[in-house]
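This report refers to the structure that appears directly beneath it.
The structure displayed is predicted, hence computed values, not measured ones. Side chains are part of it too, since the values below use all heavy atoms of this structure and drop only hydrogens, waters and symmetry mates. Proteins come first, then strands; the chains are lettered A, B, ... in the order of their sequence lines, and each starts at number 1.
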Protein chains: 2
Amino acid sequence: MRNMPKQFTRKWGPSLHPSRDEAPKTLAGRVAQQLRLDIIRHHLEPGERLQFEKLSKRYEVGTSPLREALFQVAAQGLVVAEDHKGFVVAPIQFDEMLDVSNLRANLETYAIRGAIQEGREDWEVDLLSAFHRLKLAGIAVSADQDDEDLRTEWEDRHRAFHYALCKGCGSPWLLHFFDELYDHMERYRRYFWKYAERAVAADNEHEAIMKAALDRDEERAATLLQAHFQKQARLTMNLRKKVERAAAAAS
Amino acid sequence: MRNMPKQFTRKWGPSLHPSRDEAPKTLAGRVAQQLRLDIIRHHLEPGERLQFEKLSKRYEVGTSPLREALFQVAAQGLVVAEDHKGFVVAPIQFDEMLDVSNLRANLETYAIRGAIQEGREDWEVDLLSAFHRLKLAGIAVSADQDDEDLRTEWEDRHRAFHYALCKGCGSPWLLHFFDELYDHMERYRRYFWKYAERAVAADNEHEAIMKAALDRDEERAATLLQAHFQKQARLTMNLRKKVERAAAAAS
DNA sequence: CATGTCAACATTTTCGAAAATCTCTTTCCG
DNA sequence: CGGAAAGAGATTTTCGAAAATGTTGACATG
């Protein structure tokens, strides 16, 4: 046993997406995380060119770590790299948003089915507390719709809730894709903050989904989740028209 | 119209995974592709440390492009990066293989449904020719099971066939995930070449799936595809036991 | 004998400058 | 006037060396 090659003894998990909480020890990693946040939160505009000189000043690093950070974020699609032409913040593309939303619907449905079949006790506990935290943040936001920090807190907890739903499925690859897709979705949702009041709080839907999951009712949970995504997609498609009209009028 | 901000006018698509055919113009990109192939084809061993000095000689590049290449491949999970400790070829983990396989089954089923609903004429044509090419390669391989090049050709066409199945769905994100997952799957499949005769050629299954797709019979296609994956999973799980017994005996 | 500390070494990470590539303007010719 | 060619300028990409970090083994200590 003791002489088995090390590829068999390593504990498994893709260890891809760096966990949101743990800070990387290298400059490149830190810059990558800052970049991600700056893009998701629209501190960097969609379509904006990312020049090394400017970013070097902004993040106070040399070209090497900056370059590595850009590649990390580019692999995720939040920036696009063109050979010898540099990097650009990924543009806003409503068709892509729909694609992301549909794929999320599929993946999370798959995940919740797995979680309901295999999820253990701590999955239930985490899910329950994630929902509670989301609910409280929802109440806070509806009290003051314009507070950036409250909305950001809500976003974080919303992500945590959906993540908690999926977590029980025990598929690291799925959770990795979840993270990548959710980053994009959050960016799109934040994009609409500028153009419209917050989409109707869907916490009752979240609660229904959670209850179905805790009841281990696979079909009900799947149906509710699909409906949840479809409703969100409808709402954002309406906003899309609004935004495009506004953009057309401005020209 | 002409003054619309550029994020609306860009044509859409995530443009993530660099297309397999088009060669990157930067050193880093080229090295990344070579690295991918070397890992998938086991020219670099699972678990092997990737030291800059050695890789610098191997690929004849400096540290900067090498580092960028490693990050690109690390984002895909074929190598894992540890801060200040360097890079390692992703280990072989059978649990992960099962995860990848299950996720592929789900994603490709989702894709084939979309393709059957929305796929256009050229999708059908591409699918048909991809199958034909796969079939021919299968015949060639069964004639000489030990020819590396023939098997590699078969692998390429097998990927192309599954890709052609999914392509009609028109979801760039799904196709991106497909590429990432398939790279891992191919690596695992090649891993078994060393330990076992090739898994039974499943070209009759491929043909049945293709026909169902061309008949636009969504349910039949989905069922056949699921069965296809389940059968492959069973086969590889058997091989897994064999490999693990061999590894245990060797120690 | 086990445990902790320190120094020397190996390796990764970062920096700053040189080389390569692209872009934009100007110029020249049909 | 239109379009190709050329050159200046801006930007990205690459290299090689310096700085930072992790690792190993010897030595001292409980």
| query | How is B/Leu70 classified with respect to the nucleic acid when contacts are heavy atoms under 4.0 Å: base, sugar-phosphate, or nothing? | reply | nothing
Margin query: Does B/Leu50 reach a base, just sugar-phosphate, or nothing at all? Heavy atoms under 4.0 Å.
Written below: sugar-phosphate
Practice problem: Starting from the 5' end of DNA chain C, give me the residue, B/Lys25 or B/Phe52, whose nearest nucleotide shows up first. | Solution: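 Between the two, 5'-proximity favours B/Phe52.
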Assign each of A/Arg30 and B/Glu53 the nucleotide of DNA chain C bearing its closest heavy atom; nearer the 5' end lies the nucleotide of B/Glu53
N or O in side chain of A/Lys85 less than 4.0 angstrom from C/dT23 OP1/OP2:
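Answer is yes, contact under 4.0 Å.
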message: For a quick test of reading the model: is some side-chain N or O of A/Arg49 closer than 4.0 Å to OP1 or OP2 of C/dC22?
response: no
- Query: Which of these nucleotides, D/dT14, C/dT11, C/dT14, is closest to any side-chain atom of A/Pro65?
  - Reply: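 Nearest to the side-chain atoms of A/Pro65, counting from C-beta on, is C/dT14.
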Ranking C/dT14, C/dT11, D/dT11 by distance to the side chain of A/Thr26, first place goes to C/dT14
message = Parallel, tilted or perpendicular, judged at 30° and 60°: which one describes the rings of A/His184 and B/Trp173?
response =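 If you compare the ring of A/His184 with that of B/Trp173, the planes turn out perpendicular.
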- Task: Can you label the angle between the B/Trp154 ring and the B/His158 ring as parallel, tilted or perpendicular, going by 30° and 60°?
- Result: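 Aromatic pair B/Trp154/B/His158 classed parallel.
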Contacts of A/Gly86 and B/Gly62 projected onto DNA chain D by closest heavy atom; the upstream (5') one is A/Gly86
Measure [atom1]/[X] against [atom2]/[N] and give the value in whole Å, please.
| X | N | atom1 | atom2 | answer |
| --- | --- | --- | --- | --- |
| B/Leu27 | C/dA19 | CG | C1' | 12 Å |
| A/Gln51 | D/dT12 | CD | P | 5 Å |
| B/Arg67 | D/dG16 | CZ | P | 17 Å |
| B/Glu60 | D/dC15 | CD | C1' | 15 Å |
| A/Leu66 | D/dT12 | CG | P | 10 Å |
| B/Glu68 | C/dT13 | CD | C1' | 13 Å |
| A/Lys54 | D/dT12 | NZ | C1' | 15 Å |
| B/His84 | D/dT23 | NE2 | P | 11 Å |

A/Arg133, CZ: over 12 other non-hydrogen atoms inside 6.0 angstrom: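 12 or below, so no.
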field: Ion pair check, B/Glu155 and B/Arg159, cut-off under 4.0 Å
entry: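 No, no charged N to carboxylate O under 4.0 Å.
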Decide whether A/Asp38 and A/Tyr59 meet the rule of one side-chain donor and one side-chain acceptor closer than 3.5 Å. yes
